[in-house]
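Lettering follows sequence order; numbering is per chain, from 1.
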Amino acid sequence: MNAVEIEEAVSALARQPFDADEFPYAFLQAFGRKDVELKRLRKNNTSDVVGGVLRRDSIHIAVAAPGEVGATLAALRDSPKSAANRVKFLIATDGDEVQAEETATGEFRSFPLPELDRHFGFFLPLAGISAVRQIKDNPIDVKAVGRLNKLYLELLRENPDWAKEEKRPELNRLMARLVFCFFAEDTGIFIGDTLFTASIRQFSEDRAGLTNTDQVLAQLFLAMSTPTKENGNPTSRFRQAAGVKAYADVFPYVNGGLFEDAGAVPRFSRAARNYLLHAGELDWKEINPDIFGSMIQAVAEDDERASLGMHYTSVPNILKVLNPLFLDELNEKLGEAGDSVRKLRALRRRLSRIRVFDPACGSGNFLVIAYRQMREIEHEIVKRTGDDPKSVIPLTNFYGIEIKGFAAEIARLALLIAEFQADSRLISQQAARSMVLPLHKSGKIVEGNALRLDWLEVCPPAAPVTEERDLGGPTGQLALEESRLSDRDEVETYICGNPPYIWSNDQTAAQKEEIEISFSSRTKGWKQLNYVSGWFIKAAEYNSAHGAHSAFVSINTICQGQHVELLWPSLLRLGVHIEFAHTSFKWSNLSTNNAGVTVVIVGLSGNTKIRARPVLYSECENKAVERREAENISPYLVPGPDLIVRKASRPLAAVANMARGNMPYDGGNLLLSPEQVTAEIPTDRMSLVRRIFGSEEFIYGAVRYCLWIRDDVVDWAMETPSIAKRIGLTREARLRSSDVGAQALALTPHRFREMNAGNRLTIVIPAVSSENRPYLTAGLIGASDVLTNRNYGIFDGELWNLALLSSKMHLVWIATVCGRLEMRYSYTNTLGWNTFPVPPLTTQDKADLTRCAEDILLAREAHFPATIADLYDPEAMPDDLRRAHERNDETLERIYIGRRFRNDTERLEHLFALYTKMTASDAGPGKKSLSKSPRKRKEKAA
DNA sequence: GATCCGACATAGT
DNA sequence: ACTATGTCGGATC
């Protein structure tokens, strides 16, 4: 259940007659507990309080005798079972009053039962939704979205023609208008705090099956789009001429684009009318334009309705972008200005010339937060100078591109609401009301595809702000004056946002084409770029040509592995630099079903820098954010030069070759459990069975077998029916695949896609493994064992290679240049092993390293049967194994520089330097040519 | 013929 | 429902 559904269920419960026996279960049910769970709870209730029900890790709830609520809550609190079962909430009610306590915080609430729905945010953790302050104290956003969603669906049901593409904009506009009207009547923008809802209730009829709500709404909208004599200019068509009826004439002129014309209104069924009135009953004053906006976005999108838009960027994450991008610097300037009126006024002028542009703006979160923060700074300036408090920050300085029409509409509205709220809060309610109408121009939000639009047309090259404001809105006069005073001031542009991430395999043809347009002339590998790359290149182009600065939240792989060589040369060639960055952190917002993705934030400069030193932020274990200054931040988001490690098909250093394991591509038919081996494979065919290792088998010691059938023994293998059957099933599975490569493999169904194996021994390294272990866990498997594609192997290689793989040096290298799965290490031969810089090794070096590798293996063996996972548990790594690794590191690092490295930073610096040297001598003075050598290409063509 | 990747996937607890 | 930690196979080179 999402928050909206829970709100509805809780409201329903609050209205129901009180049933003492059932209430605890009904309560749990309202918070999304499943029927099976409730059934189990009824049978097996461990509460020791009379009338109590206890659910482990969740709640201890009891129905009290009339008037005994306080005593019952105390009993719940004192019950040893509450603590033992780590209960989150204690609740007691007698049917009239409710008392509740959150155990973790001690927060206490007491309220009449019918008001339960007002407090549902308090209990949201019961449903696994961690309540952020704003939602907890202010469930209005959730309620509002739920009710609008109902209305939207009902309107579509009643007016199927409005679901068509060409009608959608009108429906979107209608919803935005309604939100504005609800907001306006609750904030005193309309005179009388129920003017809008009451007018509808009063003047629209409610007869069975028929309402004229649409006509009434059309009248009200007509009034709001038509000037009165006082505020119209002489050419306006005034109310009377426009045919505005008397009951609508009490509404003010609003226009501002939102009410540009009367607009069409769809038919309202009786239910739709009720939903409309019901929505109007909420108190819209406290709406959060950011939260509400991102949630309401889902109302109009079929694919998002299930999650109800809980995937928006949270305010803390938005600030991680905006603060280093420009807000920190403004606050710094504010501090420096002190009480100097001249400096303060200059800073205020600067604020009026800052443009914020989000080319993936959704419902405008980033823009709204940026606006709010800028208003706070301006407010502080005004407090110190005593100047006119009317804001000089025009909404027209806020630009956006959004592909979904409804979201774009909401973004414009959200900015207007944010402005009104800022005026109310920072100046006065009265001033806010007097300034708000008629609405002036909101942010310039363009509906369209950001990768196909010309950003310069959306947000034209910096020019002084001289935009005529609509009929002297709140900031118009002052903004004009200011801009006249300071035409020579520079306009600053900051690009920000959270664009969509789609990896190359999941992109649609259209999306691929968009990437092609931006990248095909820049890089060969554009087909493998993540969709988000499109925003980076367009921002870099804009920055570099117009001195803007940009910062995006992005999937972290943009700064890892192959992406670095695919994307970053194109960016760096434009002369942009990483001005600040935030290293990987896990995406999170209010949602229970958070997107499973790890992100970075990358801030790009224009071709001039505003900061002397770039700043690198990273989240420590305790969630605090560490701030480091650096000479330069590399595309890998580590301090260091803009060095890019490119895939190599052979090792640069004189080390063994590494190949990938073997991909089954078998629908599970070539793989066997030990039981299947005993049951299906006759003893005289056991030579066809080998033990096979994926990452998991290697790390956890799980046992799995496979059919390993060389071409010369296929016929002999096929004699056994159970084996023949498995081969047949493999053929079918491969034929079913949509992949042409897989279908070709159907011709050799006895084979894995590859058949790589060692004759003597194989050095193994898992493709994906936990980042929590102190070393990469390479090891050995036997002569007859084989690998799946989840491992890389050095077949029949010398043991000193294992010493390299097991070293801190290698870990540091892999952690930096290879890709990651979330935070896991994602090892690859071409990026990690073949590029690993190793100095030339003497025979003695190799002998020393071989001994080190043997010692590591011996230390592991001493703990038989501990698995690799046991041995490298970060908390419990055995001392002798740790010492063996220490000796290995000591030996290897002496080979590099004659002593131990002081830390990982020094290790990485040295490795990068060595890499530069090795690639320079390798590719000659022309430096790395992107393509293969001419000779090789010819070979390929032949 | 060989691969890097995943607004992830899934087994445990 | 979190937490921990790696499957699997495809479009692409």
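- Counting any heavy atom pair closer than 4.0 Å across all strands shown, A/Asn829 reaches sugar-phosphate atoms only and no base atom.
- When rounded to the nearest whole Å, the span between NZ of A/Lys88 and C1' of C/dA1 equals 8 Å.
- Residue-level contact check: A/Gln560 touches the backbone only, with heavy atoms under 4.0 Å from sugar-phosphate atoms and none from bases.
- At a threshold of 4.0 Å, the pair A/Lys586-A/Glu619 does not count as salt-bridged, since none of the basic side-chain nitrogens sits closer than that to a carboxylate oxygen.
- Distance alone, capped at 3.5 Å, is enough to place a donor-acceptor pair between the A/Trp535 side chain and the A/Pro359 backbone.
- The separation between A/Tyr700 atom OH and B/dT10 atom C1' is 13 Å, rounded to whole Å.
- Using modelled atom types and a 3.5 Å distance limit, the side chains of A/Gln511 and A/Thr508 yield a donor-acceptor pair.
- Side chains of A/Leu652 and A/Tyr915 form a contact here, defined as non-hydrogen atoms less than 4.5 Å apart.
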Writing each nucleotide of DNA chain B 5' to 3' as (, ), [, ], | or . by Watson-Crick or G-U pairing under 3.5 Å yields ||||||.||||||
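- Contact annotation for A/Thr830: backbone-only contact, meaning every heavy-atom pair under 4.0 Å involves sugar-phosphate atoms and none involves a base.
- The side chain of A/Ile699 lies closest to C/dG6 when the candidates are B/dA2, C/dG6, B/dC4.
- A stacked arrangement is not assigned to A/Trp503 and the six-membered base ring of B/dG6, the conditions of a centre distance below 5.5 Å and an interplanar angle below 30° not being jointly met.
- Considering CZ of A/Phe89 and NE2 of A/His60, their distance stands at 15.0 Å, rounded to 0.5 Å.
- Because its NZ or CZ atom is both nearer than 6.0 Å to the ring centre of A/Phe585 and within 45° of the ring axis, A/Lys320 counts as a cation-pi partner of that residue.
- Listed pair A/Tyr825 / C/dG6 fails the phosphate criterion, with no side-chain N or O lying under 4.0 Å from OP1 or OP2.
- Using a 4.0 Å heavy-atom criterion, one finds that A/Ser504 contacts no nucleic acid atom at all.
- Side-chain atoms of A/Arg824 and base atoms of C/dG6 include a donor and an acceptor less than 3.5 Å apart.
- Relative to the side chain of A/Leu821, the nucleotides B/dC4, B/dC8, C/dT12 differ in distance, and B/dC8 lies closest.
- Between A/Thr557 and A/Asn756, the residue anchored nearer the 5' end of DNA chain B, judged by the nucleotide with its closest heavy atom, is A/Asn756.
- Counting any heavy atom pair closer than 4.0 Å across all strands shown, A/Met823 reaches no nucleic acid atom.
- Panel note: side chain A/Thr762, backbone A/Val764; no donor-acceptor pair is recorded below 3.5 Å.
- Considering only side-chain N and O atoms, A/Tyr501 lies nowhere under 4.0 angstrom from the phosphate OP1 or OP2 of B/dC5.
- Remark: C1' of C/dA11 and CD of A/Glu513 are 18 Å apart, rounded to the nearest angstrom.
- Counting only heavy atoms from C-beta outward, the side chains of A/Ile763 and A/Leu780 approach each other to under 4.5 Å.
- A/Ser769 comes within 4.0 angstrom of the backbone, heavy atoms only, and of no base.
- Put simply, the side chain of A/Asn556 and the base of B/dA7 share no donor and acceptor less than 3.5 Å apart.
- Distance from the side chain of A/Lys647 is smallest to B/dC4 among B/dA7, B/dC4, C/dT7.
- Atom CG of A/Leu567 is separated from atom P of B/dC5 by 13 Å (rounded to the nearest Å).
- For A/Ser770, whose side chain is taken as the heavy atoms from C-beta onward, the closest listed nucleotide among C/dG9, C/dG6, B/dA7 is C/dG6.
- Judged as a side chain to side chain donor-acceptor pair (under 3.5 Å), the pairs with a partner in residues 655-665 of chain A (not counting sequence neighbours) are, in order, A/Tyr665-A/Asp739.
- No contact: A/Glu771 has no heavy atom under 4.0 Å from any strand.
- Side-chain proximity of A/Ser695 to the nucleotides C/dT7, B/dC4, B/dG6 is greatest for C/dT7.
- For the pair A/Leu776 CG and C/dT5 P, the computed distance is 15 Å after rounding to whole Å.
- For the pair A/Asp506 CG and B/dG6 P, the computed distance is 10 Å after rounding to whole Å.
- For the pair A/Ile59/A/Lys88, no side-chain contact is recorded, criterion being any heavy-atom separation below 4.5 Å from C-beta on.
- Contacts of A/Arg56 with the nucleic acid, taken as non-hydrogen atoms under 4.0 Å apart, are absent.
- Nearest nucleotide to the A/Asn772 side chain, out of C/dC8, C/dC13, C/dT5: C/dT5.
- Of the candidates C/dA11, C/dG9, C/dC13, the closest approach to any side-chain atom of A/Lys512 belongs to C/dA11.
- Nucleotides C/dT5 and B/dA7 place their P atoms 22 Å apart, quoted to the nearest Å.
- A/Leu787 has its CG atom 16 Å from the P atom of C/dG6, to the nearest Å.
- Comparing B/dA11 with C/dC8, their P atoms are spaced 10 Å from each other, to the whole Å.
- B/dC4 and B/dC8 have their P atoms separated by 23 Å, with the value rounded to a whole Å.
- Looking at heavy-atom distances under 4.0 Å, A/Phe698 makes no contact with the nucleic acid at all.
- Of the two residues near DNA chain B, A/Gln562 and A/Glu822, the one whose nearest nucleotide lies more 5' is A/Gln562.
- When distances run from any side-chain atom of A/Arg773 to the nucleotides C/dG6, B/dG6, B/dA2, the shortest one goes to C/dG6.
- The separation between A/Tyr827 atom OH and B/dC5 atom P is 14 Å, rounded to whole Å.
- With hydrogens and angles left out, the side chain of A/Arg660 and the base of B/dG1 share no donor-acceptor pair within 3.5 Å.
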